[in-house]
Amino acid sequence: MSADVAKQNAAAAAVALVGDGMRLGLGTGTTAAHFIRLLGERVRAGLKVQGVPTSEATRRLAETHGVPLMDPDTVEVLDLAIDGADEIDAQFNLIKGGGGALLREKIVAAAARRFVVISDDSKLVSKLGRFPLPVEVTPFAVGLTARRVGAALRAAGCPRDHVSVRMAGPTAKPFVTDGGNVILDCACAEIPDAAALAAALAAIPGVVDHGLFIGMTRDVIIGDAQGARPLSKAA
Ligand code: A5P
């Protein structure tokens with residue numbers, strides 16, 4: 001079974017949650033792209049929604065599929081946000097930001113009454129941290145900030161503390177986010193206490209935000225070859 005079919009099935013289950021008149025957060029990544037494409041089909045069939053995209057790539061995709069967009073500045077609350085994830089633990093804490101969109105993804109998810117994560121089962125983990133944790137930082141003094149991020153990983157008991165600036169394209173220039181920042185990818189191997197590391201990273205000057213989404217969702221939909229199943233959060 002291809003992971004893409006599983007992602008499509010998870011996205012289809014999420015599209016079924018969308019009702020007329022909803023204001024939606026539109027995630028970033030390959031799984032969210034399936035959601036946007038399927039949402040576009042429903043819009044063409046008459047569904048009325050407005051979306052807030054979590055990246056410029058998602059904005060372009062939504063426009064391509066005819067999904068109406070609203071100005072993020074005017075948002076008070078969104079009815080529903082749908083996005084993928086890089087890792088999901090049993091408490092539904094997440095690592096996100098593999099696509100470099102974590103800052104807008106977190107702003108949009110936090111503005112939603114309901115944040116639903118869609119995925120195939122490869123993203124389910126017992127402990128977060130095998131996927132390198134993305135941390136978005138200002139370009140100024142990036143080496144200094146990276147060293148402080150490494151110290152935070154060590155203080156949090158992570159077995160590894162390798163921090164590297166994400167590069168983009170064949171020119172080997174740093175990847176630049178939609179917000180004009182850069183991403184530090186943190187190879188930590190395992191994060192013993194994700195909430196504690198999240199707080200430590202947020203306290204470092206120069207860190208704009210990080211890819212740990214702690215306690216932000218109660219809804220995960222896992223797609224497979226046959227369809228999709230909602231997961232229950234462990235007690
Ligand atoms: C984007 O910055 C990420 O948070 C994505 O949501 C995450 O990388 C999942 O991507 P896929 O759906 O492509 O696996």
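Scope of the values below: all heavy atoms of this structure, side chains included, with no hydrogens, waters or symmetry mates.
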> Roughly how far, to the nearest 0.5 Å, is NZ of Lys96 from CG of Leu103?
Replying inline: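 If we round to the nearest 0.5 Å, Leu103:CG and Lys96:NZ are 12.0 Å apart.
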>> To the nearest 0.5 Å, what is the distance between CD1 on Ile36 and CG on Leu61?
In response: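 One gets 5.0 Å once the value is rounded to the nearest 0.5 Å.
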Between [Y] and [X], is there a side-chain heavy-atom distance shorter than 4.5 Å?
X	Y	value
Pro53	Leu69	yes
Arg104	Ser55	no
Asp79	Arg114	no
Pro205	Arg148	yes
Val18	Leu39	yes
Leu197	Leu212	yes
His34	Asp4	yes
Asp71	Val52	no

> Only one of Pro132, Pro134, Ser164 clears side chain to side chain contact (heavy atoms under 4.5 Å, CB included) with Ile183; which?
Replying inline: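 Only one of Pro132, Pro134, Ser164 forms a side chain to side chain contact (heavy atoms under 4.5 Å, CB included) with Ile183, namely Pro134.
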> Hey, which of Asp209, Leu133, Val137 is the one that makes side chain to side chain contact (heavy atoms under 4.5 Å, CB included) with Leu201?
Replying inline: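 Passing option: Leu133.
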Residue pair [X] / [Y]: nearest heavy atoms and the distance that separates them:
X	Y	value
Val163	Cys186	CG2-SG, 4.2 Å
Ala189	Arg160	CB-CG, 3.9 Å
Arg229	Asp121	NH2-CB, 4.2 Å
Ala13	Ile221	CB-CG2, 3.9 Å
Val108	Gly25	CG1-CA, 3.4 Å
Gln8	Leu38	O-CD1, 4.1 Å

Other residues, nucleotides and ligands only: do more than 12 of their heavy atoms fall within 6.0 Å of [atom1] on [X]?
X	atom1	answer
Arg23	CZ	no
Lys173	NZ	no
Arg130	CZ	no

According to a 4.5 Å side-chain heavy-atom criterion applied to Ile, Leu, Val, Met, Phe, Trp and Tyr, with indirect links allowed, do [X] and [Y] form part of one hydrophobic cluster?
X	Y	result
Val207	Leu184	yes
Val142	Ile204	yes
Ile88	Phe131	no
Val135	Leu128	yes
Leu231	Leu94	yes

Any salt bridge between [X] and [Y], counting N to O under 4.0 Å?
X	Y	answer
Lys127	Asp89	no
Lys123	Glu87	no
Arg59	Glu63	yes

Do side-chain atoms of [X] reach the backbone of [Y] as a donor and acceptor pair under 3.5 angstrom?
X	Y	value
Asp161	Leu153	no
Arg44	His65	yes
Thr64	Arg60	yes

>> Evaluate Phe35 against Ile118 for side chain to side chain contact (heavy atoms under 4.5 Å, CB included), listing each step before the verdict.
In response: CA-CA 9 Å; Phe35 173 81; Ile118 51 177; 4.1 Å; yes
>> Using side chain to side chain donor-acceptor pair (under 3.5 Å), reason through Asp120 and Ser122 one step at a time and then give a plain yes or no.
In response: CA-CA 6 Å; Asp120 63 83; Ser122 70; 2.4 Å; yes
> side chain to side chain contact (heavy atoms under 4.5 Å, CB included) between Leu26 and Thr54: does it pass, once the steps are laid out?
Replying inline: CA-CA 6 Å; Leu26 306 175; Thr54 54; 5.7 Å; no
>> Would you say Ser119 and Lys7 are linked by a side-chain donor-acceptor pair, where the criterion is simply a distance under 3.5 Å?
In response: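 Not at all, the side chains of Lys7 and Ser119 share no donor-acceptor pair under 3.5 Å.
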